[in-house]
Amino acid sequence: MPPLKLSEYQFQAFQNFAEASAGVLDFLQKRVGFGLWMVTRTEGDDWIVLVTNNTASNVYQVKQGDVLHWCHSYCCQMVQGLGPYVAPRSQEIPVYANALINNQVPIAAYIGVPLTWADGRLFGTLCAIDPEPQPESILAELPVIQIQAQLLSTILTSELKAQACSRHLEQVRTESQLDKLTGVYNRRGWDRLVMVEEERCQRYGSPASIIILDLDNLKVINDQYGHVAGDRLLQKTAACLISAVRQNDVLARLGGDEFSVLAIEAGANVAQEIVDRIHKKLAETGIAASVGWAVREPHTGIPIAIEAADARMYEAKRQKHLTPPRLKRFSFLTPFSFKHHPH
């Protein structure tokens, strides 16, 4: 008997979470119907569209990468237990009928189930909407939809773990791109890791934040006490930053007296905590610096966050320089032993 030949289309494994999501949405659309199916991520008040299956594009102008208001959505009500997972006539459900998203798109039927991280925290949703009411028979499809969501959550968890390992390997491989004086990444290493992280943010809707720091008095210290004192100031600054950032964050010296931090999976609250720790460490060491920070916006990306953080840093510096700087000579002349291996 000749060997059985399986259809490559039907049995080929998905390569990643995005492909699996697209396959699940295609399956559910063909099985259940509905004009728009989505896999989404929620981050703060942002509801980020990661993957879509849109057979009602004449009604729903929604595409991958769009950012909507989470609190306006049916899904926000669903995950709080205020509305059902399946609503064949969603306008008969008060919390859905009153949702502000109705002002943007016509919704007469809804399906939504949570997608979760491994520890049970909400990642986003697997959901669908349609401009027409649907038959009560779709209620029977809930177990199928829930198992699809669980499978996607499992794939997501495994892939993000693999991505974390990959991120670590990328940082190890970039060790040749270090600033020799401070031991943190140089501009070349920074640019490469920022590019890689931006790709991840686009794929998973991940948050990220940028912190830019510029020393206030390096030139004055170099002029008054010599470049050895200036080098020690740079080393002490790097040490302060290393102790303030988290293990997976990317720290670089961009050149001269400017440092930068790429805070991984960090929204505004986490970024503020890191900035507070940086200010505390600098104050304890007697280092004067200006700091600016910004959160990555999903529709603009990390490069724009870098520009915003840099502008805020210069504004902080401008305001400081309304009064003359005060130097602490002892802080920069003490011999300093620096040793650092990036995470």
Side-chain angles (χ1 to χ4, degrees), residues 14-25 28 36-54 60-76 78-80 101 104-105 112-129 148-167 170 193-210 246 248-250 262-271 294-306 308:
F14 294 121
Q15 297 300 306
N16 51 50
F17 175 72
E19 284 190 11
S21 297
V24 165
L25 296 188
L28 290 175
L36 175 65
W37 283 88
M38 299 187 293
V39 169
T40 72
R41 175 168 183 166
T42 175
E43 182 61 38
D45 194 40
D46 288 337
W47 192 33
I48 306 165
V49 179
L50 300 182
V51 185
T52 66
N53 185 304
N54 190 354
Y60 299 126
Q61 307 299 316
V62 179
K63 61 185 183 302
Q64 178 182 344
D66 284 352
V67 181
L68 309 172
H69 290 287
W70 170 245
C71 60
H72 294 179
S73 70
Y74 287 16
C75 288
C76 180
M78 176 272 295
V79 299
Q80 297 179 74
I101 198 170
Q104 298 176 262
V105 291
V113 292
L115 297 175
T116 62
W117 299 92
D119 61 4
R121 288 180 298 118
L122 181 69
F123 172 84
T125 61
L126 166 61
C127 59
I129 57 175
Q148 298 296 317
Q150 289 175 312
L151 289 171
L152 286 181
S153 294
T154 301
I155 294 169
L156 173 69
T157 297
S158 298
E159 187 166 328
L160 289 176
K161 286 181 179 178
Q163 289 290 331
C165 293
S166 174
R167 181 187 291 123
E170 284 158 2
L193 292 170
V194 163
M195 179 185 67
V196 171
E197 195 59 32
E198 173 61 22
E199 291 175 355
R200 289 197 184 96
C201 290
Q202 291 179 15
R203 177 176 294 181
Y204 303 110
S206 304
S209 295
I210 296 292
R246 302 165 304 162
N248 289 333
D249 295 333
V250 176
L262 168 58
I264 305 294
E265 289 283 349
N269 291 338
V270 175
V295 177
R296 176 190 182 273
E297 297 293 341
H299 57 284
T300 54
I302 293 176
I304 300 302
I306 293 174

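Note that the coordinates shown come from a computational prediction; the quantities given were computed from them, not determined experimentally.
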Under 3.5 Å, side-chain donor or acceptor atoms of residues 296-304 against the rest of the protein: list the pairs with distances, not counting sequence neighbours.
| residue | atom | partner | partner atom | Å |
| --- | --- | --- | --- | --- |
| R296 | NE | E198 | OE1 | 2.9 |
| R296 | NH2 | E198 | OE2 | 3.1 |
| T300 | OG1 | E297 | O | 3.4 |

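A 4.5 Å side-chain heavy-atom check between W47 and I101 finds at least one atom pair inside the cut-off. A 4.5 Å side-chain heavy-atom check between L152 and V24 finds at least one atom pair inside the cut-off.
V51 approaches L25 most closely through the heavy-atom pair O-CD1, 3.7 Å. Contact between C76 and C71 at its shortest, heavy atoms only, is SG-CA, 3.9 Å. F14 and G23 make their closest contact through CZ-CA, 4.0 Å (heavy atoms, listed as atom of the first residue, atom of the second, distance). Across every non-hydrogen atom of T116 and T157, the tightest pair is O-OG1, 4.4 Å. Taking all atoms of both residues into account, the shortest heavy-atom contact from I48 to G205 is CD1-O, 3.6 Å. Across L262 and A208, no two heavy atoms sit closer than the pair CD1-CB, 4.2 Å.
Here the side chain of S158 pairs no donor or acceptor atom with the backbone of I155 at under 3.5 angstrom. Of the possible polar contacts, one joining the D119 side chain to the R121 backbone as a donor-acceptor pair under 3.5 Å is found. Side-chain atoms of S206 do not come within 3.5 Å of backbone N or O of E265 as any donor-acceptor pair.
Between M38 atom CE and S21 atom OG the span is 12.5 Å, to the nearest 0.5 Å. Summarising the geometry, atom CH2 belonging to W37 is positioned 13.0 Å from atom CG belonging to N54; distances are rounded to the nearest 0.5 Å. The line from CG of L156 to NZ of K161 is 11.0 Å long, rounded to the nearest 0.5 Å.
Checked against side-chain contact (heavy atoms from CB on, under 4.5 Å), A18 has the following partners two or more places apart in sequence or in another chain: N16. In this structure, T52 has no side chain to side chain donor-acceptor pair (under 3.5 Å) partners at least two apart in sequence or on a different chain. Residues meeting the salt bridge (charged side-chain N to carboxylate O under 4.0 Å, His left out) test with E197, sequence neighbours left out: R167, R200. Listed by chain and number, the residues in a ring pair (Phe, Tyr, Trp, His ring centres under 6.0 Å) with Y60 amount to none (sequence neighbours excluded).
Looking at L126, T125, L115, L50 one by one, the single match for side-chain contact (heavy atoms from CB on, under 4.5 Å) with T40 turns out to be T125.
Between Y204 and F17, the ring planes lie tilted relative to each other; the angle falls in the 30° to 60° range.
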W70 vs C75, side chain to side chain contact (heavy atoms under 4.5 Å, CB included): CA-CA, chis, key distance, verdict
CA-CA 8 Å; W70 170 245; C75 288; 3.6 Å; yes
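For residues 64-76, the set of pairs meeting the salt bridge (Lys or Arg N to Asp or Glu O under 4.0 Å) definition, not counting sequence neighbours, comprises K63-D66.
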